[in-house]
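Side-chain atoms are counted along with the backbone in the values below, which use heavy atoms only and exclude waters and symmetry mates.
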Amino acid sequence: MSLRNVAIIAHVDHGKTTLVDQLFRQSGTFRDNQRVEERAMDSNDLEKERGITILAKPTSIEWIDGAGVATRINIVDTPGHADFGGEVERILSMVDGVILLVDSAEGAMPQTKFVTGKALALGLRPIVVVNKVDRSDARIQEVLDEVFDLFVSLEATDEQLDFPVLYASGRNGYASTDENAREGTLTPMFETIVSHIPAPSVDVDAPFTFLVTLLDRDNFLGRILTGRVNSGTVKLNQPIHALNNDGKIVEAGRASKIMTFRGLERVPAEEAKAGDIISLAGLTVATVSDTIADITVSEPLHAQPIDPPTLSMRFAVNDSPMAGREGTKVTSRMIRDRLFREAESNVAVKVTEAADRDSYEVAGRGELQLGVLIETMRREGFELGISRPRVLFGEDEDGKKTEPYETVIIDVDEEYSGTVVEKMNLRKAEMTDMRPSGGGKTRITFSAPSRGMIGYHGEFLSDTRGTGIMNRLFEKYGPHKGNIEGRKNGVLISNGSGEANSYALGPLEERGILFVGHGEALYEGMIVGENAKTDDLEVNPMKAKQLTNFRASGGKDDAIRLTPPKKMTLEQAIAYIDDDEMVEVTPKSIRLRKRYLDPHERKKASRAKQAA
């Protein structure tokens, strides 16, 4: 059976996982009566809830053409968000071609540019699919021109620029070479993959080599290593060893389990040949970018370099007065083991232990990536204290301080464009492009320091009444932009411990926006709301009414009507806090607090900071 390995790359929400669903259905991967969930490839809970792909996952379908010739197509579904770019950079070494999926209205977006640049640099041949051609605001030819310009700017070769184009609707399950077709099947897509993407050029007779690109764990099989067999054949129980990038032997063992992909399942196999994408069990130490090979091989395979992390957060043991009430994993040793396990399987995450040994500096690609890690740990029963994200600075050749910059592309209604430009200028962003994008919208492109973008997304949504779309992508390290103004408002801080009381919360509403409601447990130093003014204010939200025999005159005994408190999601809370604040994360609660709960400690730290 002939073989094709292909990755599908696209921006968030351009429909790639939905398209894979239809490829499954039309290739006969599912039985007619089989119950299949929507977006079958989004397998973990967070992916289902958020509707985005977080982990790169291989799958496989068999397609039989009109002449009865069968081809196995290994497809790798990739995340569309740049924060999970580490997943994409690794898996491109497993494939021989890419399907670039672009929305017929939105066109080529920043994340598309990021992954496509990596794919073209590796010499992979692209197939361009314009998806959602049935949209009322589709602008198909303009989008194709944008894609061509993008390829040229990414220095594509003449062969890569001669790409085939398909017009598709993933949701309705058709693709065609005719842009006006509005029905049909995905057969033209299968035919294009087989004719345009080359079969793996590998040496089956050479000794077995295999580069690890994905790492997984199984309760029964232990560590599962996934990648493409680069050369040779591997048989069950064959002696193998793992080499790191320097050619040193990490460990030796046997291939105790070989699994290939069939649809959504991993199927055991007796052997695997060069070119196939497989999972391998039997080793306990080998990790991502190691070479697994026959014991006669001493040269490791070249692993793709990964872009460095640009943002870090401090993960600390939860030391609030409510620690240990809701979570089951609260010790620093448990947090340490979990974080180092994450860094092992996710090459875009770096973990370093702080001097106090009770906290860890976790560096990653962006707020969303680290937010997903915190949410995952929270669901596993961990309690954590999380600091404000901070960017990782660098130095240029002259020893001057540099910081990461991002390309920020904003699609916004014309009436809000002035507000957005003004707010971005305050955050030291420079506008590089502004053009109408159709339908009364304007597309504005900025080059902005990552530092200035932390915490802006919520404000941006308020400024544009929820209609604006913002996309960010790491651009470069550039000169340090100096001081950037942070949050303007101070916070309301509880001055004691107890339960919030509506009698006390009523008057506090006049002071600002409340984050807590009646009956919620509070402690000293916990943030209960946002102050309308710029300074922090200590308040007593637990004060109860004095019960006496006397009635108040003028109907003052009427029930207090409170506005529902503002409840923040994890990402909103992380973006909101200031440098001297933390987010307390437990399986059931997200609380904001000051780093130093005692007011005297806070004053001491504030004076020390001013003196410095």
Discussion item. Quick one, Lys476 with Glu403, criterion salt bridge (Lys or Arg N to Asp or Glu O under 4.0 Å). Give me CA distance, side-chain angles, the key distance, then yes/no.
Written reply: CA-CA 8 Å; Lys476 61 179 182 185; Glu403 64 176 319; over 6 Å; no

Margin query: Do Gln141 and Leu144 make a side-chain contact, defined as non-hydrogen atoms from C-beta onward lying under 4.5 Å apart?
Written below: yes

Without swapping roles, check the side chain of Thr402 against the backbone of Gly394 for a donor-acceptor pair under 3.5 Å. yes

Between Leu370 and Leu311, the two heavy atoms sitting closest are CD1-O, 4.3 Å

Scanning both residues in full, the closest heavy-atom pair of Asp413 with Thr467 reads OD2-OG1, 3.5 Å

Value for CG (Leu211) from CG (Asp290), rounded to nearest 0.5 Å, stands at 8.5 Å

Mind checking whether Asn230 and Phe210 have side chains closer than 4.5 Å, heavy atoms only?
no

**Prompt:** So do the side chains of Ser447 and Thr407 get within less than 4.5 Å of each other, counting heavy atoms only?
**Reply:** no

dist Ile277:CD1 -> Asn74:CG (nearest 0.5 Å) comes out at 4.5 Å

Q) Would you say Arg4's side chain and Val194's backbone share a donor-acceptor pair under 3.5 angstrom? A) yes

Worksheet item: Is Ile64 atom CD1 crowded by more than 12 heavy atoms from other residues, nucleotides or ligands, each under 6.0 Å away?
Response: no

Just do the side chain to side chain contact (heavy atoms under 4.5 Å, CB included) check on Phe460 and Val408 with the steps written out, would you?
-> CA-CA 12 Å; Phe460 166 75; Val408 184; over 6 Å; no

The reported gap from CD in Glu475 to OG1 in Thr310 (rounded to nearest 0.5 angstrom) is 12.5 Å

Any donor-acceptor pair under 3.5 Å from Gln160 side chain to Ala156 backbone:
no

query = Within the side chain of Thr419, is there an N or O that forms a donor-acceptor pair under 3.5 Å with the backbone of Asp463?
reply = no

Thr569 meets the side-chain hydrogen bond (donor to acceptor under 3.5 Å, both in side chains) criterion, sequence neighbours left out, with Gln572

For this session: Please step through side chain to side chain contact (heavy atoms under 4.5 Å, CB included) for the pair Arg72 and Ser2, ending with a clear verdict.
Result: CA-CA 6 Å; Arg72 185 149 94 254; Ser2 65; over 6 Å; no

d(Leu120 CG, Leu154 CG) to nearest 0.5 Å is 6.0 Å

| Salt-bridge present (Arg427, Glu459; N to O < 4.0 Å) | yes

Intermediate values then yes/no, salt bridge (Lys or Arg N to Asp or Glu O under 4.0 Å), Arg443 and Asp433:
CA-CA 8 Å; Arg443 178 168 289 184; Asp433 188 33; over 6 Å; no

### Query
Can you find a heavy atom in the side chain of Thr209 that is under 4.5 Å from one in the side chain of Val229?
no

Check whether Arg388 reaches the backbone of Ile577 with its side chain - one donor and one acceptor, N or O, closer than 3.5 Å.
yes

message = With a 3.5 Å distance limit and no angle check, can you tell me whether Arg182 reaches the backbone of Asp134 through a side-chain donor-acceptor pair?
response = no

Of all heavy-atom pairs linking Lys488 and Leu426, the shortest is NZ-CD1, 4.5 Å

Correct closest heavy-atom pair for Asp96 and Leu124 would be C-CD2, 3.6 Å

Sorted by chain and residue number, the salt bridge (charged side-chain N to carboxylate O under 4.0 Å, His left out) partners of Glu179 (sequence neighbours excluded) come out as none

Item checked: Contact check, side chains of Thr287 and Val212, non-hydrogen atoms, under 4.5 Å -> no

Ring pair (Phe, Tyr, Trp, His ring centres under 6.0 Å) pairs touching residues 393-420, sequence neighbours excluded, are Phe393-His480

Side-chain heavy atoms of Glu406 within contact of Phe446, under 4.5 Å
no

Sorted by chain and residue number, the salt bridge (charged side-chain N to carboxylate O under 4.0 Å, His left out) partners of Glu142 (sequence neighbours excluded) come out as Arg139

Exercise for the section: For residues Leu3 and Ile73, determine if any side-chain heavy atom of one lies less than 4.5 Å from a side-chain heavy atom of the other. Expected result: no

Rounded to the nearest 0.5 angstrom, the CD1-CZ distance for Ile99 and Arg125 is 13.5 Å

Is it true that Asp103 and Asn131 share a donor-acceptor pair across their side chains at a distance under 3.5 Å? no

Practice problem: Take Leu215 and Ile224, measure what side chain to side chain contact (heavy atoms under 4.5 Å, CB included) needs, and give me the verdict at the end. | Solution: CA-CA 6 Å; Leu215 178 70; Ile224 296 176; over 6 Å; no

Evaluate side chain to side chain contact (heavy atoms under 4.5 Å, CB included) for Thr260 paired with Asp276, printing each intermediate quantity in order. CA-CA 8 Å; Thr260 59; Asp276 205 356; 3.8 Å; yes

Would you say Ser450's side chain and Pro404's backbone share a donor-acceptor pair under 3.5 angstrom? yes

On a heavy-atom basis, the closest approach of Val98 and Ala119 is CG1-CB, 4.0 Å

Contacts of Ala181 meeting side-chain contact (heavy atoms from CB on, under 4.5 Å) (sequence neighbours excluded), chain-then-number -> Ser176, Asp178

Separation between CD (Glu191) and CG (Asp65), nearest 0.5 Å, reads 8.0 Å

| message | Quick one: does any side-chain atom of Ser104 pair with a main-chain N or O of Ala138 as donor and acceptor, under 3.5 Å? | response | no

Ring pair (Phe, Tyr, Trp, His ring centres under 6.0 Å) pairs touching residues 134-160, sequence neighbours excluded, are Phe151-Phe163

Check: Do other residues, nucleotides or ligands put more than 12 heavy atoms under 6.0 Å from Lys428 NZ?
Finding: yes

In short, Ile278 meets Ala272 closest at the heavy-atom pair CG2-CB, 3.6 Å

Going through the checks in order, is the side chain to side chain donor-acceptor pair (under 3.5 Å) test met by Thr445 and Thr432? CA-CA 6 Å; Thr445 308; Thr432 55; 4.8 Å; no

Any Lys481 side-chain heavy atom under 4.5 Å of Arg451 side chain: yes

Check: Thr213 side chain, Thr226 main-chain N or O, donor-acceptor pair, under 3.5 Å: yes

> Distance-only, no hydrogens or angles: does the Asp398 side chain make a donor-acceptor pair with backbone N or O of Lys400 under 3.5 Å?
Replying inline: no

